[in-house]
Amino acid sequence: MGVFSLVAETGHEQVLYGHDPKSGLRTIIAIHSTALGPALGGTRFYPYDSEDQALWDVLRLSRGMTLKAAAAGLDLGGGKAVIIGDSRRDKNERLWRAYGRMVDSLNGRYITAEDVGTTSLDLAVVRRETRWAAGVPIEEGGSGDPSPATARGLLAGLKAIADFLWGSRDLHGRRVTIQGVGKVGYHFARMLKDEEVEVIVTDVYQPAVARVVEDFGVEAVGVDEIMTVDCDVFSPCALGAILNQESIARLNCEAVVGAANNQLEKEEDAQRLADRGILYAPDFLVNAGGLINVFEELQGYSEQRAIHHVDAIGRRTSSVLREAKERGIKPQDAAMQLASERIESISDLRRLSRGGLTWTEVEGT
Ligand SMILES: NC(=O)c1ccc[n+]([C@@H]2O[C@H](COP(=O)([O-])OP(=O)(O)OC[C@H]3O[C@@H](n4cnc5c(N)ncnc54)[C@H](O)[C@@H]3O)[C@@H](O)[C@H]2O)c1
């Protein structure tokens, strides 16, 4: 399928390809929607097998950001960027600065942040070329790594799920498995241990496993085992599309609550989970903590206000679960409706002028 047909199908506003041969930069920036505000979303640095795979990923991820921002009540649209490459090998100053210039060329329609393979230090370099980069280090005047905020929001969502399923927000003695203990998974493991949860982890990158085992005394299992471990909650915190026909059949949990974006490979996978009696917390609802934190940076960062807004993920999850139950629909559908109804209701507000005269003379009129 050609790029234009793909973009028409997914409803994107704009897709920008950027290339800087000197640094090896190959990037695609996708703006899905600016209906509620500038499109904000992280930059994923990943060794995609093909350009088509990179395009497919950035289109899916940016669409997810539109839903995430809308459901979180933020005045932001949805966008995302990918850079094709190996984040442990291919980063260099010129690459980030060339990328910063490409982001800058969009004049604030797209604001970038962290994602898989990028760090707040990388963003500090991007920031040298554009003001449209958020989540830069605290020492540089930013809000720092958003991952702890994402983990905090996940915990709030998990407590709402616990209350709904088991009648108590107390997680003591529960068993949670985490797939991927990178930036978010690491902090989530720490927070769960503080709640006296039994935590079982895995990661394809052994040093990440070693660190979390050593720091928090969690148990580790093999990458292929994690989805079959008998547990209360499975938490996908690695990459997306891991919930599919084959994997859902193997799950041995009561709920799925994780940070990974686009966990469902296909829309019908939400029904597959429901058919197996597994409660699925919509990813874009419970993983919005980092986005909320980054949004606060754009407002002039206050940690107290950011925490307050991140914790609201718990209340929002409870209300989505209640709504889904009352209407006999899946939480995924209730959350999507929440997001699309907000876009529908707010997006045309810009038609109402705030007053004052603006006049542009158009040549020839
Ligand atoms: N960082 C944030 O604040 C944030 C916010 C919202 C959503 N997310 C999403 O959460 C997920 C994790 O983000 P992160 O920032 O922690 O990324 P990260 O790159 O720091 O961590 C991901 C970890 O998953 C591991 N991994 C990859 N494939 C795996 C597999 N098949 N099995 C087990 N482990 C695997 C990696 O080795 C890595 O350690 C991503 O999908 C990201 O888009 C992150």
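Here the structure is a predicted model, which is why all the values come from computation and not from measurement. Start at 1 and go down the list; that is how both ligands and their atoms are numbered.
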> For atom 31 (N) of ligand 1, what is the nearest protein heavy atom, given as residue, atom name and distance?
Replying inline: Val204 CG1, 4.0 Å
> Within 45° of the ring axis of Trp166 and under 6.0 Å from its six-membered ring centre, is that where the NZ or CZ of Arg174 lies?
Replying inline: yes
> Are a donor atom and an acceptor atom from the side chains of Asp269 and Tyr280 found within less than 3.5 Å of each other?
Replying inline: no
> Is Val223 close to ligand 1, meaning an N/O of one under 3.5 Å from an N/O of the other?
Replying inline: no
>> Do the side chains of Asp145 and Lys183 get close enough for a salt bridge, i.e. N-O under 4.0 angstrom?
In response: no
> Which pairs count as salt bridge (Lys or Arg N to Asp or Glu O under 4.0 Å) when at least one residue sits in residues 3-16, sequence neighbours excluded?
Replying inline: Glu13-Arg109
> Any idea which protein heavy atom is nearest atom 17 (O) of ligand 1, and the distance to it?
Replying inline: Val116 CG2, 3.7 Å
> Hey, which atoms in ligand 1 end up nearer than 4.0 Å to a heavy atom of Lys183?
Replying inline: 15 (O), 16 (O), 18 (P), 20 (O), 21 (O)
> Considering only heavy atoms of Asn287, which atoms of ligand 1 have at least one such atom less than 4.0 Å away?
Replying inline: 6 (C), 7 (C)
>> So if I count the atoms of ligand 1 from 1 in the order they appear, which ones are less than 4.0 Å from some heavy atom of Ala259?
In response: 7 (C), 8 (N), 9 (C), 10 (O)
> Tell me: protein heavy atom nearest atom 41 (O) of ligand 1, and distance?
Replying inline: Ala238 O, 2.7 Å
> Quick one: which ligand 1 atoms are inside 4.0 Å of a heavy atom on Gly182?
Replying inline: 16 (O), 20 (O), 21 (O), 23 (C), 39 (O)
>> Give the atom numbers and elements of ligand 1 that come within less than 4.0 Å of a heavy atom of Pro146.
In response: 3 (O)
>> Among all protein heavy atoms in this structure, tell me which lies nearest to atom 44 (C) of ligand 1, with the distance rounded to 0.1 Å.
In response: Val184 CG2, 3.8 Å
>> Give me the residue, atom name and distance of the protein heavy atom closest to atom 36 (C) of ligand 1.
In response: Asp203 OD1, 3.4 Å
>> Between ligand 1 and Cys237, can you find any atom pair, the residue atom being a heavy atom, that is separated by under 4.0 Å?
In response: yes
> Can a salt bridge be assigned to the pair Asp115 and Lys80 using a cut-off of 4.0 Å between side-chain N and carboxylate O?
Replying inline: yes
>> How far is atom 5 (C) of ligand 1 from the closest protein heavy atom, and which atom is that?
In response: Thr150 OG1, 3.3 Å
> Any side-chain donor paired with an acceptor under 3.5 Å for Gln53 and Asp57?
Replying inline: no
> If you draw a 6.0 Å radius around CD in Gln299, do more than 12 non-hydrogen atoms from other residues or ligands fall strictly inside?
Replying inline: yes
>> Within the 4.0 Å heavy-atom shell around Gly180, which atoms of ligand 1 are there?
In response: 24 (O), 34 (N)
>> Counting only heavy atoms closer than 4.0 Å, does ligand 1 sit against the backbone of Lys80, its side chain, both, or neither?
In response: neither
> Are His172 and Glu195 close enough that a side-chain donor and a side-chain acceptor fall under 3.5 Å?
Replying inline: no
> Just checking, is any N or O donor in the side chain of Arg190 or His187 under 3.5 Å from an acceptor N or O on the other one?
Replying inline: yes
>> Run the side chain to side chain donor-acceptor pair (under 3.5 Å) test on Ser50 and Tyr48 for me, step by step, so that the C-alpha distance in whole Å, both residues' side-chain angles and the decisive distance to 0.1 Å come before the verdict.
In response: CA-CA 5 Å; Ser50 67; Tyr48 293 100; over 6 Å; no
>> Are Trp96 and Phe45 an aromatic pair, judged by ring center distance below 6.0 Å?
In response: yes
> With only distance considered, is Asn261 within less than 3.5 Å of ligand 1 through an N or O on each side?
Replying inline: yes
> For ligand 1, which atoms, with element, lie under 4.0 Å from some heavy atom of Ala260?
Replying inline: 9 (C), 10 (O), 11 (C), 41 (O)
> Side chains of Thr10 and His32: donor-acceptor distance under 3.5 Å anywhere?
Replying inline: no
>> Below 4.0 Å, non-hydrogen atoms only: which portion of Arg44 touches ligand 1? Side chain, backbone, both or neither.
In response: side chain
>> Pairs of nitrogen or oxygen atoms closer than 3.5 Å, one from Ser147 and one from ligand 1: do any exist?
In response: yes
> Is it the side chain, the backbone, both or neither of Asp115 that has a heavy atom closer than 4.0 Å to ligand 1?
Replying inline: side chain
